[in-house]
Amino acid sequence: MHAHFLPPEYRASLLAHGHFTIGGYPTPDWSPESAIDFMDRYGIQAQALSVSDPGVEFLSGTEAAEMARYCNTYAADLFTRYPTRFGGLAVLPMHDIPTALRELEYALDTLHLDGVVLLSAYDGAYLGDPRFEPLMLALNARSAYVFVHPAAIPADAKPELPLPDFLEEFTFDTTRAATLLIAGGTLARYPGIRFQLAHAGGTLPFLAHRIGIASQTPLGDIWPAGAPKPSILDVAKHINNFYYDTALSPAPSAMRSVLAVGQKERIVFGSDWPFSAATLTGSGDPQPELSETFSAGDRVLIERENALRELPRLASVLD
């Protein structure tokens with residue numbers, strides 16, 4: 001439920017625009033054949049593919065819309081070529097919400113993609129910002145599955161540290177997006193959207209109690225203007241309702257934190273391949289650390305049943 005693809009024209013455009021790394025990780029090669037080789041080596045039947053950061057936001061206007069259409073059409077074509085190996089989550093041109101809405105309709109209704117991938121923030125505006133309200137309304141109407149992937153922080157908005165973004169900053173940005181989805185009332189207004197948070201929710205499980213307490217302080221201005229202040233129980237309910245993936249986070253320290261605030265029925269397997277390719281060079285169990293927290297039965301739930309419940313199109317071809 002957390003695996004990426006870089007169709008050839010998309011990858012070429014990334015490199016042409018200077019994106020030689022993604023979150024500090026060298027922009028990888030990708031092909032359906034290499035993805036299937038990886039899956040076969042690790043006993044993975046299917047991947048739900050998504051475009052990683054920066055989405056199509058490194059382009060503007062018509063170019064961004066055309067690249068989103070190219071990536072989404074490429075994903076849909078994989079359903080025909082390899083029907084039991086791939087799902088796909090639509091990338092949207094978020095520079096213009098009306099254009100994003102048109103692409104959402106085409107991707108889900110015509111191409112029959114399995115859901116949507118959204119970045120944690122666009123141009124400094126995090127999910128939960130009022131500017132995304134029309135999109136949230138449309139996603140809720142479709143009970144859409146939405147994978148929230150972190151975005152790189154602009155250089156002028158973060159401390160200068162000799163560390164790549166994917167190591168820490170990505171997890172912090174997922175947390176910011178999730179918190180603002182709660183604080184801005186998006187989750188309360190649109191309960192039909194099923195949000196999956198990358199990398200075990202970033203730091204959200206660790207901060208869950210702190211965020212709940214903050215919602216009850218007299219400092220009302222810490223919440224977005226006009227948004228109803230959630231109660232501690234509201235915050236706990238929303239955090240419990242997120243889906244969390246295991247990508248780069250299978251260790252007990254992460255998974256037990258998720259279980260402390262969430263539920264195993266909403267944990268889904270993620271490999272983060274090909275961005276994890278340097279650590280997954282062999283074969284066998286891709287995340288043996290999961291067995292330190294979960295039983296064999298729980299792992300079947302997390303690694304298969306939970307995902308197929310949320311992706312009925314893919315489930316129908318695997319049954």
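Throughout, residue positions are numbered sequentially from 1 according to the sequence presented. If you're wondering where the values come from, they're calculated on a predicted model, not measured in any experiment.
At most 12 non-hydrogen atoms from other residues, nucleotides or ligands lie less than 6.0 angstrom from CZ of Phe206. Heavy atoms from other residues, nucleotides or ligands lying under 6.0 Å from NE2 of His95 number more than 12. Heavy atoms of other residues, nucleotides or ligands lying less than 6.0 angstrom from CZ of Arg210 number 12 at most. By the 6.0 Å contact criterion, CG on Asp37 is enclosed, its count of non-hydrogen atoms from other residues, nucleotides or ligands being greater than 12.
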Open item on the list: Go through it in stages, so that I can follow the logic: the residues are Thr246 and Val268, the test is side chain to side chain contact (heavy atoms under 4.5 Å, CB included), and I'd like the CA-CA distance, side-chain angles, deciding distance and then a yes or no.
Closed with: CA-CA 6 Å; Thr246 67; Val268 292; over 6 Å; no
TODO: Start with the C-alpha gap between Met1 and Tyr243, add the side-chain angles, then the distance that decides, and say whether side chain to side chain contact (heavy atoms under 4.5 Å, CB included) holds.
DONE: CA-CA 10 Å; Met1 293 294 282; Tyr243 290 77; over 6 Å; no
- [ ] Begin with the C-alpha distance, continue with both residues' side-chain angles, and end with the deciding distance and a verdict on side chain to side chain donor-acceptor pair (under 3.5 Å) for Tyr244 and Gln196.
- [x] CA-CA 6 Å; Tyr244 298 86; Gln196 172 190 328; over 6 Å; no
TODO: Any chance you could lay out the ring pair (Phe, Tyr, Trp, His ring centres under 6.0 Å) test for Phe147 and Phe195, step after step, and finish with the verdict?
DONE: CA-CA 6 Å; Phe147 172 34; Phe195 285 104; over 10 Å; no
TODO: Begin from the C-alpha positions of Val146 and Val117 and carry the test side chain to side chain contact (heavy atoms under 4.5 Å, CB included) through to its verdict.
DONE: CA-CA 6 Å; Val146 177; Val117 59; over 6 Å; no
TODO: Give the C-alpha distance, both sets of side-chain angles, the deciding distance and a yes or no for side chain to side chain contact (heavy atoms under 4.5 Å, CB included) between Asn240 and Val261.
DONE: CA-CA 6 Å; Asn240 180 267; Val261 298; over 6 Å; no
Open item on the list: side chain to side chain donor-acceptor pair (under 3.5 Å) for Asp298 and Ser295? Distances and angles first, verdict last.
Closed with: CA-CA 5 Å; Asp298 288 342; Ser295 68; 3.3 Å; yes
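Taking CD from Gln287 and CG from Leu248, the interatomic distance works out to 8.0 Å, rounded to the nearest 0.5 Å. Going from atom CG of Leu92 over to atom CG of Leu101 covers 8.5 Å, rounded to the nearest 0.5 Å. Taking CE of Met136 as the reference point, atom CG of Asp129 lies at 9.5 Å (rounded to 0.5 Å). For the atom pair CG (Leu204) and OG1 (Thr179), the distance works out to 5.5 Å, reported to the nearest 0.5 Å. One distance of note links OH of Tyr70 with CD of Glu9; it measures 4.5 Å at 0.5 Å rounding. Within the model, atoms CG of Leu187 and CG of Asp234 stand 10.5 Å from one another, a figure rounded to the nearest 0.5 Å.
For Ser276 against Ser271, the heavy-atom pair with the smallest separation is OG-O, 2.8 Å. Between Leu119 and Pro150, the shortest heavy-atom contact is CD2-O, 4.0 Å. Across all non-hydrogen atoms, the minimal contact from Phe132 to Tyr126 is CE1-O, 3.5 Å. Closest non-hydrogen pair, Leu59 versus Ser13, comes out as CD2-OG, 3.9 Å. Nearest approach of Arg299 to Ser291, heavy atoms of both residues: NH1-OG, 2.8 Å. Summarising the geometry of Ala75 relative to Leu113, their closest heavy-atom pair is CB-CD2, 4.2 Å, with the distance given to 0.1 Å.
In this structure, Thr110 contributes its side chain and Ala107 its backbone to no donor-acceptor pair below 3.5 Å. In this structure, the side chain of Ser283 does not engage the main chain of Tyr42 through any donor-acceptor pair within 3.5 Å. A donor-acceptor pair is defined here as one N or O able to donate and one able to accept, closer than 3.5 Å; no such pair exists between the side chain of Tyr122 and the backbone of Ala151. For the pair Arg194 (side chain) and Ser143 (backbone), a donor-acceptor distance under 3.5 Å is present. Between the side chain of Arg85 and the backbone N or O of Met39, no donor-acceptor pair lies under 3.5 Å. In this structure, the side chain of Asp96 engages the main chain of Thr99 through a donor-acceptor pair within 3.5 Å. Looking at Tyr106, its side chain never comes within 3.5 Å of a backbone N or O of Leu111 through a donor-acceptor pair. Side chain of Arg176 to backbone of Ser120: no donor-acceptor contact under 3.5 angstrom is found. Under the 3.5 Å distance criterion, the side-chain polar atoms of Glu57 are matched with a main-chain donor or acceptor of Met94. Between the Ser34 side chain and the Trp30 main chain, no donor and acceptor come within less than 3.5 Å of each other.
No side-chain heavy atom of His149 sits under 4.5 Å from any side-chain heavy atom of Ser50. Residues Ile302 and Glu265 fail the side-chain proximity criterion, which asks for heavy atoms closer than 4.5 Å. A heavy-atom distance below 4.5 Å is not found between the side chains of Val116 and Leu89. Side-chain contact between Leu49 and Leu78 is present, with at least one heavy-atom pair separated by less than 4.5 Å. You'll find the side chain of Ile182 reaches within 4.5 Å of the side chain of Ile239, heavy atoms only. At least one side-chain heavy atom of Phe5 sits under 4.5 Å from a side-chain heavy atom of Tyr74. Between Pro26 and Phe20 the shortest side-chain heavy-atom distance does not fall below 4.5 Å. A 4.5 Å side-chain heavy-atom check between Arg142 and Glu105 finds at least one atom pair inside the cut-off.
Arg131 has no carboxylate O lying under 4.0 Å from a charged side-chain N of Asp123, or vice versa, which leaves the two without a salt bridge. The residues Asp245 and Arg266 are annotated as not salt-bridged, no charged nitrogen and carboxylate oxygen being separated by less than 4.0 angstrom. A salt bridge links Glu133 with Arg189: the closest approach of a Lys/Arg side-chain nitrogen to an acidic carboxylate oxygen falls below 4.0 angstrom.
Residues Leu308 and Leu290 are members of separate hydrophobic clusters, defined by side-chain heavy-atom contacts under 4.5 angstrom among Ile, Leu, Val, Met, Phe, Trp and Tyr. Val300 and Met255 fall into different hydrophobic clusters, defined by Ile, Leu, Val, Met, Phe, Trp and Tyr side-chain heavy atoms under 4.5 Å apart, directly or through other members. Placement of Leu137 and Leu181 within a single hydrophobic cluster is found when ILVMFWY residues are connected by side-chain heavy-atom separations under 4.5 Å, directly or transitively. With hydrophobic clusters built from ILVMFWY side chains whose heavy atoms lie under 4.5 angstrom apart, Leu301 does not share a cluster with Ile267. Note on Ile97 and Val148: same hydrophobic cluster, where clusters join Ile, Leu, Val, Met, Phe, Trp and Tyr whose side-chain heavy atoms are under 4.5 Å apart, directly or indirectly.
Side-chain contact, Gln45 with Thr84: no donor N or O sits under 3.5 Å from an acceptor N or O. A donor-acceptor pair shorter than 3.5 Å can be found between the side chains of Thr203 and Thr175. For Tyr82 and Glu33, the side-chain atoms include at least one donor-acceptor pair closer than 3.5 Å. Side-chain contact of Thr171 with Thr174: a donor-acceptor pair under 3.5 Å is absent, judged by distance alone. Side-chain N/O atoms of Arg69 and Asn72 include no donor and acceptor closer than 3.5 Å.
Judged by the 6.0 Å distance and 45° axis criteria, Arg304 is not positioned over the aromatic ring of Phe269.
Relative orientation of the His2 and His4 rings is perpendicular, given thresholds of 30° and 60° on the angle between their planes.
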